[in-house]
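Note on naming: letters A, B, ... go to the chains in the order of the sequence lines (proteins, then strands), and numbering restarts at 1 for each one. The structure displayed is predicted, hence computed values, not measured ones.
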Amino acid sequence: MITSVIFFLFAGLAIACAISLVYHKNPLYSAISLVGVLISLACIYVTLAAPFIAAVQILIYAGAIMVLVVFVIMLLNLDEDKPVVNRLPHLYAIGGILGLVLLAQTFFIFYAVHRAPKQAVNTDETVGKTLSIGAGMYTEYLLPVEIVGILLLMSIVGAVILARRLEYPQLEIVVDNELERRNESEIKDEFRIRL
Amino acid sequence: MNTVFLADLVNPNTSLSAILPEMIVAIAGTIVMLYDSFAPKQRVVTGAISLVGLLISAFVLYTMWGNADIPANAWGGMIANDNLRLSFSFVALFVSAVTILISTVWTERENVPVGEYHSLLMFATVGMLFMASGNDMVILFLGLETLSIATYVMAGLRKSDLRSNESAMKYFILGSFSTGFLLYGMALIYGATGSTNITEIALAVANPNFPALLLIGAAMLVIGFGFKAATVPFHVWTPDVYEGAPTPITGFMAAGPKAAAFASFMRVFVLGFPLVAGATASVALHETWVTALTVMAMLTMTVGNIAAIVQNNVKRMLAYSSIAHAGYALVGFIGAGVAATADKRDAAIASVAFYMLTYAVTNLGAFAIVTLLAQKNDRRTEFEDYNGIGFRSPVLSFALSLFMLSLLGLPLTAGFMGKVLVFRPALEAGNSLLTILVVVAVVNTAISAYYYLRLVVVMFFRERTTEWLAPRISLPLAAALLITISGVFYFGIFSDRIIERFSQSPPRAVVKAEK
Amino acid sequence: MEAIIKSIFPIAVLFGAATVAFGVVMMIVAYTVLAERKVLGWIQGRIGPNRVGPWGMMQPFADLLKFIFKEDIVPDKSTKFVYFLAPIVAVTCALMPMVVYPFGPAITNIDLSFLPYGLGDGIKQIPLTVAQIDVGVLFVLGITSVGVYGIALAGWSSNNKYSLMGGLRSSAQLISYELAMGASIIGVVILAGTLDLNGIIYAQMSSPWYSRWFIIPQFVGFVVFLIAAFAETNRVPFDLPEAETELVAGFHTEYSALKFALFFMGEYVNMFTVSVMCATLFLGGWYVPGLSHLFPVGSLLYAVFSVVGFLIKISAFLFFYIWVRGTLPRFRFDQLMNFGWKFLLPVALANVIFTIILVYFLNS
Amino acid sequence: MEPSLATYLALSGILFTIGATGVIFKRNALGMFMCIELMLNAVNLTFVAFSRYYADVTGQLFVFMVMSVAAAEAAVGLGIFIAFFRNRISIDVDDANILKN
């Protein structure tokens with residue numbers, strides 16, 4: 001009873017936040033909506049008896065990744081999207097078709113799984129607890145954990161290279177090129193500050 | 001039993017010998033990174049360390065071919081040790097090594113963070129190796145992501161150039177988008193079969209828990225892998241990304257990640273979704289994916305070739321050509337899928353690996369020359385820039401012509417043998433659909449002659465309008481050209497030696513993964 | 001009727017427990033504020049607040065009233081929705097960890113048969129924790145890391161460059177020090193073998209004498225945690241987000257009245273949280289050595305004295321905070337970042353490795 | 001009505017649909033990135049639901065890997081956005097039009 005209340009409450013919240021994520025033009029509002037989705041999903045994981053994943057979801061997604069995104073939004077001081085100028089109209093068609101196909105597929109999955117012969121849902125309460133995750137991670141998933149280590153190391157290197165400021169001579173070239181291309185002198189000052 | 005944490009910890013089979021090639025490359029990458037942090041911008045040293053790492057890894061890989069000691073259930077059945085893994089790993093190592101040689105020109109000319117570049121390339125190689133060796137979807141996923149993330153960064157390495165930024169951004173967004181589909185596919189397959197291990201999935205497809213999810217999951221996987229392998233209709237990112245990325249990286253992206261994507265693609269579909277006679281779910285799945293991929297292969301070849309004709313930029317032309325070649329490779333892939341016996345299947349897999357090798361050797365050679373001719377900032381990549389250079393830089397233009405002919409598939413070159421071998425399993429299947437597919441492929445080869453020969457014509461029979469400074473060929477680049485040119489002839493003439501090794505699986509006793 | 005009561009009872013108990021915990025925490029926080037002003041006064045040779053009530057004891061309530069009745073100013077060009085959201089996020093995230101605080105040991109020798117409808121049947125014990133969850137440590141870390149949004153959004157939405165700078169600095173600082181904080185806890189988790197806060201206390205109780213409190217084997221971890229905790233709560237010497245001399249008042253420059261009070265409260269609740277964590281992870285939480293010889297384990301008195309012991313430990317930490325504020329100067333921003341990344345984090349990681357080696361040898 | 005496996009899968013499918021459509025409708029690279037994160041989260045929900053159904057911890061371990069990868073991707077992706085922004089003062093994908101379409 002409580003489970004289903006929690007589930008439907010947060011499922012609704014998640015979907016509402018997801019729609020708001022797509023709907024809002026302001027990236028910061030989108031980010032806040034996404035945080036809403038992430039936290040709702042964390043609560044839903046609790047109903048699936050996966051407290052560890054729920055905690056990690058909040059810790060990594062909401063607490064690290066999305067903070068980084070919000071940080072970048074604030075750092076770049078992004079405004080609302082400009083009105084559509086040169087958007088290719090066929091993209092909307094593609095988006096619509098893709099959405100419909102995926103939605104149909106969702107119904108199909110629901111139908112297929114709903115109709116499948118009921119197998120008793122396993123209620124092994126230890127699965128999902130920290131102990132089982134830890135044991136799995138150091139036995140069955142030892143190699144993936146090692147690969148993730150390499151992956152994270154590499155992405156640190158990559159992120160540092162990309163986000164590092166340009167050195168001065170290169171910087172000048174970039175500014176001049178861009179100004180020439182844009183032919184807008186009024187943005188010049190802003191540009192130099194931003195860089 | 002570990003008493004500290006009161007948990008029954010079964011010690012996993014941590015057989016290091018099973019992942020030795022991957023480990024060597026990863027260690028070499030880490031050494032490069034550490035060395036660079038203490039002595040920055042030593043491009044000769046870091047390049048040499050990387051090359052040595054790749055060579056040692058290749059040697060270890062070579063010894064693994066006949067080695068039966070590697071347990072089949074290494075790392076809980078997560079690592080496979082068959083001809084698919086070994087041959088594609090070899091292709092990956094080859095591509096990386098040649099890329100390092102080619103990129104010397106570029107790292108010398110421009111102010112790139114070279115130590116980081118080399119270590120990223122090494123980590124990308126680790127990703128490719130795991131994509132070839134993973135026998136569990138989680139390894140395939142992580143290998144793919146390691147490769148992709150490294151490639152995103154490498155595409156954006158020339159930070160002051162807007163084209164490079166743009167290429168990295170498009171690649172990143174579309175790449176992660178496709179990863180989403182790939183993961184959804186993996187999740188649904190896991191749901192349908194109850195496992196992420198390819199061997200176990202192959203056993204479970206005969207009687208899956210949710211047959212419908214299996215089909216949807218497979219479709220999602222096609223989208224995900226199709227993006228990475230740049231097959232139509234998931235190819236839209238390719239031309240832009242290939243054009244904008246630094247030229248040596250483009251060469252790498254066209255050869256390496258594509259081969260790795262094919263390795264994973266084939267691992268999941270050919271080995272994971274086999275035809276189990278009499279099992280409805282399995283038959284339906286197999287029929288569906290073979291038909292879908294056949295259509296995709298036809299589209300890929302045709303769209304790639306037709307779009308390549310109208311290009312005026314050499315890098316874009318090569319990008320579309322790489323799409324077309326993905327189509328040809330798919331023919332062999334489908335051949336492996338419909339193969340009647342395990343031996344034939346292994347031979348078909350070997351032919352795809354061989355095709356990727358021939359494509360890599362030719363393509364890298366072409367990109368070596370494009371890199372050299374592009375000059376500083378990668379500016380000169382239009383067809384016009386190649387006008388009339390034929391007899392002023394004869395070595396370069398003859399080599400480039402050779403590579404074009406090999407891409408086209410002229411006899412005696414690697415490209416010809418690659419095509420022949422990759423079409424053969426599809427013809428042998430005796431299936432009318434596959435015969436049509438091969439016919440389409442042959443027609444496409446004829447179409448492709450137009451744009452490959454156009455470059456040759458431009459080089460030799462057009463007048464130069466601007467002044468021409470013949471670029472100096474440095475030693476590493478000369479080595480790369482030597483390797484690729486001799487590779488084109490060697491693979492073209494002695495293809496049977498390679499294919500024999502590629503189709504040879506190390507003997508294995510039990511396949512069932514230990515859980 | 002009976003069925004309804006039976007189904008509502010557990011929820012009601014949970015709400016009751018949460019309310020009690022909330023009340024206790026709020027009272028402590030209110031008096032922490034007063035204590036801060038008093039202690040700072042003494043350190044600086046002043047008396048501190050002494051007008052409202054005896055020795056100024058009613059000062060917190062006077063402050064509260066003042067906050068409620070002040071004019072609430074909303075900047076014209078602020079992003080309204082986010083501007084309102086920020087203090088709510090800040091205070092919610094500060095209060096959430098309260099549900100896993102291990103206030104005391106469970107009371108086991110109880111008789112609940114006097115309750116009607118047999119509601120007490122099957123209840124063997126009354127735990128002095130609102131919700132005992134398997135991943136308590138992660139829960140606290142996760143919720144506090146979400147608290148960054150309150151500050152970042154407040155800085156962004158005020159449409160004021162000082163606020164924005166304050167918000168940015170604070171996000172950067174919190175993200176950086178969260179790593180060191182998390183890494184410093186790992187040592188404790190390895191020794192305890194659980195992420196459950198009560199479990200960690202029990203693990204300390206059952207340890208051999210030389211690691212009865214984890215501060216002994218984990219002294220390095222303790223120091224790192226303490227330093228990171230100062231940064232996480234934006235306290236001196238890490239209070240850069242609100243450095244008056246540079247940033248007016250940082251992210252909450254534009255906030256007034258009750259909204260400001262929420263930020264203020266959130267900050268002090270966070271202080272309380274890290275003190276609870278510190279006491280639980282490193283000083284044995286509610287465990288007072290020797291207490292079990294005086295009272296039987298599980299009795300009401302045992303629980304009461306344990307709670308008192310716990311509160312004394314927390315108060316010691318709170319006093320330490322105030323003491324530091326009164327005596328230390330502020331870091332510069334680059335010093336703060338360098339300190340966090342180049343010193344604190346490596347030390348914490350070295351501590352983790354050291355702990356792993358220690359555990360390995362102790363168990364083999 | 002107790003939520004069943006099918007309900008969880010439906011929720012995950014809807015979130016995935018919204019995310020995938022959002023990637024195409026959004027014009028802002030950061031917005032697209034956030035929609036991709038939404039897709040990954042939908043996938044995670046599928047994994048956890050099946051993990052619960054089979055009482056098999058593999059699904060949750062997979063989710064953990066996905067989260068780590070998402071973190072790595074976020075770091076690199078934001079680096080790419082910053083590099084692009086430094087050159088263009090914009091992260092609109094429509095401004096990414098130097099390369100011919």
Would you give the length of the straight line joining atom [atom1] of [X] to atom [atom2] of [Y], rounded to the nearest 0.5 angstrom?
X: B:Y190; Y: D:T58; atom1: OH; atom2: OG1; answer: 5.0 Å
X: B:F181; Y: D:I36; atom1: CZ; atom2: CD1; answer: 10.0 Å
X: B:F177; Y: D:M39; atom1: CZ; atom2: CE; answer: 5.0 Å
X: B:K159; Y: D:I82; atom1: NZ; atom2: CD1; answer: 10.0 Å
X: D:M65; Y: B:M137; atom1: CE; atom2: CE; answer: 14.5 Å
X: D:F62; Y: B:T196; atom1: CZ; atom2: OG1; answer: 6.5 Å

- Under a 4.5 Å heavy-atom cut-off, does chain D meet the side chain of B:L142, its backbone, both or neither? side chain
- Measure B:A150 against the heavy atoms of chain D and call it side chain, backbone, both or neither at under 4.5 Å.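 Neither part, no heavy atoms under 4.5 Å.
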- Under 4.5 Å between any side-chain heavy atoms of D:V69 and B:F141, yes or no?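 In contact.
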- Item | Donor-acceptor side-chain pairing of B:N209 and D:Y53 below 3.5 angstrom |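 D:Y53 and B:N209 do not have a side-chain donor-acceptor pair below 3.5 Å.
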- Task: Pick whichever of B:A155, B:G175, B:S164, B:A168 has the most heavy-atom pairs under 4.5 Å with chain D.
- Result: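 That would be B:A168.
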- Per-residue tally against chain D (heavy atom, under 4.5 Å) across B:T146, B:V138, B:N165 peaks at B:N165
Portion of [X] that has a non-hydrogen atom of chain B nearer than 4.5 angstrom:
X: D:V63; value: neither
X: D:S68; value: neither
X: D:F47; value: both
X: D:A20; value: both

- Smallest separation among heavy atoms of D:L9 and B:L213, with atom names: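 Residues D:L9 and B:L213, closest heavy atoms: CD1-CD1, 4.3 Å.
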- Non-hydrogen atoms of D:V43 and B:G180 that approach each other most closely: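 Looking at all heavy atoms of both residues, the closest pair is CG2-O, 3.9 Å.
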- Message: Could you go through B:F210 and D:L5, starting from their C-alpha distance and side-chain angles, then the distance that decides it, and tell me whether this counts as side-chain contact (heavy atoms from CB on, under 4.5 Å)?
- Response: CA-CA 12 Å; B:F210 303 108; D:L5 176 64; 3.9 Å; yes
- Identify, with sequence neighbours excluded, every residue that meets side chain to side chain donor-acceptor pair (under 3.5 Å) alongside B:T179.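 Residues passing side chain to side chain donor-acceptor pair (under 3.5 Å) with B:T179: B:E145.
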- Sub-3.5 Å donor-acceptor pair from the side chain of B:Y184 to the main-chain atoms of D:F16, do we have one?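 Looks like no, no N/O pair under 3.5 Å.
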